[in-house]
Protein chains: 2
Amino acid sequence: MIMQKYKEIGLKLTPQRLAILKFLEGNTDHPSADEIFRAVSEQFPTMSFATVYSTLDALRDKGRLLELTIDPGKKRFDPCTEHHHHLICISCKKIVDVKQQFNLDLPEGVKGDFSITGNHIEFYGVCPDCRRAIN
Amino acid sequence: MIMQKYKEIGLKLTPQRLAILKFLEGNTDHPSADEIFRAVSEQFPTMSFATVYSTLDALRDKGRLLELTIDPGKKRFDPCTEHHHHLICISCKKIVDVKQQFNLDLPEGVKGDFSITGNHIEFYGVCPDCRRAIN
DNA sequence: GTACGTGCAAAGGTTTTGCATTACA
DNA sequence: TGTAATGCAAAACCTTTGCACGTAC
């Protein structure tokens, strides 16, 4: 169960943190801190932003969470930590996971002596719902 | 010259806008709005954020500028509008252009009926300067 | 018991907005 | 001259911080 699983993280488990972890578990909506705050506040009316942010920071530092820099003006969070990419609807901003692998080797010259540690692709498009709305 | 070139954009040309355009011309630093504001303020001490932001918005809408969502917490702007990617130093946050092309076709199933309009790769790494500093 | 988490409020940083004034075309 | 840009200040957002109190371990 969820307690068991998150004992391994190495953080103190509080009811607030469990609620955040539960909300994120399997969530594919790439929620913002504010969305997480509002969802968890229903259960913990005294929840504060400080707690949400500090928990998210801690989970990110432990590698249990990805902080996405996809949305101008706010961070989004992704509980799926396996390497993957994202497809974003340019109309409604919906974000969908893309788990396919791509060959993204950079030739020596292009790298300019950077040592490459990772990559992330953002695909842009129009989702079915928005395409229907336009037509 | 620059006036000639930017008459085609279809915006009213003011001294302030020319100064912004000149600052961006050939700039590969991917500056933030604040950096642009500070640079252009030296020439126009009365320059305001409103003017910088509205000019950047207008240029972006005219396709003369890319708004990069690479830096959490602030927008960065790129005057190079040909399709390219970016290599980001995870230590000093320096951003370098990557003009190589990649084959990023998505199979039908993955697309989930999205119509794809574009893509952008972020490469992460450590730049030579930062690697030297660490060693 | 102690270190760490929580909650509140205030502050910090970036971007947006309203409105009167100014200037391009 | 008419429309659009500018400048200023305030507000709106998102995120971070300080500190007193509370709680997991």
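Lettering of chains follows the sequences in order, A, B, ..., and the numbering in each one begins at 1. Here the structure is a predicted model, which is why all the values come from computation and not from measurement.
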Rounding to an integer number of Å, can you tell me how far [X] [atom1] sits from [N] [atom2]?
X: A:Phe49; N: C:dA10; atom1: CZ; atom2: C1'; value: 14 Å
X: A:Tyr53; N: C:dA11; atom1: OH; atom2: C1'; value: 14 Å
X: A:Ile36; N: C:dT6; atom1: CD1; atom2: P; value: 14 Å
X: A:Asp71; N: D:dC14; atom1: CG; atom2: P; value: 9 Å
X: B:Phe44; N: D:dG7; atom1: CZ; atom2: P; value: 8 Å
X: B:Ile9; N: D:dA4; atom1: CD1; atom2: P; value: 17 Å
X: A:Phe37; N: D:dC13; atom1: CZ; atom2: P; value: 15 Å
X: B:Arg76; N: C:dG13; atom1: CZ; atom2: C1'; value: 14 Å

For [N], take OP1 and OP2 only and decide whether either is under 4.0 Å from a side-chain N or O of [X].
X: B:Thr14; N: D:dT6; value: yes
X: A:Gln16; N: D:dT23; value: no
X: B:Lys75; N: C:dT16; value: yes
X: B:Ser48; N: D:dC8; value: no

Closest contact, heavy atoms only, A:Phe37 versus A:Met47: CE1-O, 3.2 Å

Given DNA chain C, 5'-ward residue of the pair A:Lys12 and B:Lys12, judged by closest heavy atom: A:Lys12

Measuring only between side-chain heavy atoms, which start at C-beta, is B:Val96 closer than 4.5 Å to B:His86? no

For the residue pair A:Ile20 and A:Phe44, establish whether any side-chain heavy-atom pair is separated by less than 4.5 Å. no

Give A:Thr55 one of three labels, base, sugar-phosphate or nothing, depending on what nucleic acid heavy atoms sit under 4.0 Å from its own. sugar-phosphate

Is A:Ala33 touching bases, backbone alone, or none of the nucleic acid, heavy atoms closer than 4.0 Å? sugar-phosphate

Nearest listed nucleotide, side chain of [X], among [options]:
X: A:Asp57; options: C:dG7, D:dG7, D:dT16; result: D:dT16
X: A:Pro15; options: C:dT15, D:dT15, D:dA24; result: D:dA24
X: B:Ser54; options: D:dG7, D:dT6, C:dC8; result: D:dT6

Do you know which of A:Thr55, A:Val52, A:Val40 makes side chain to side chain contact (heavy atoms under 4.5 Å, CB included) with A:Arg17? A:Thr55

More 5' along DNA chain D: B:Met47 or B:Gly73, using each one's nearest nucleotide? B:Met47

Of A:Ala50 and B:Arg17, the one whose closest nucleotide on DNA chain D sits nearer the 5' end is B:Arg17

Under a 4.0 Å N-O cut-off, is there an ion pair linking A:Arg76 with A:Glu67? no

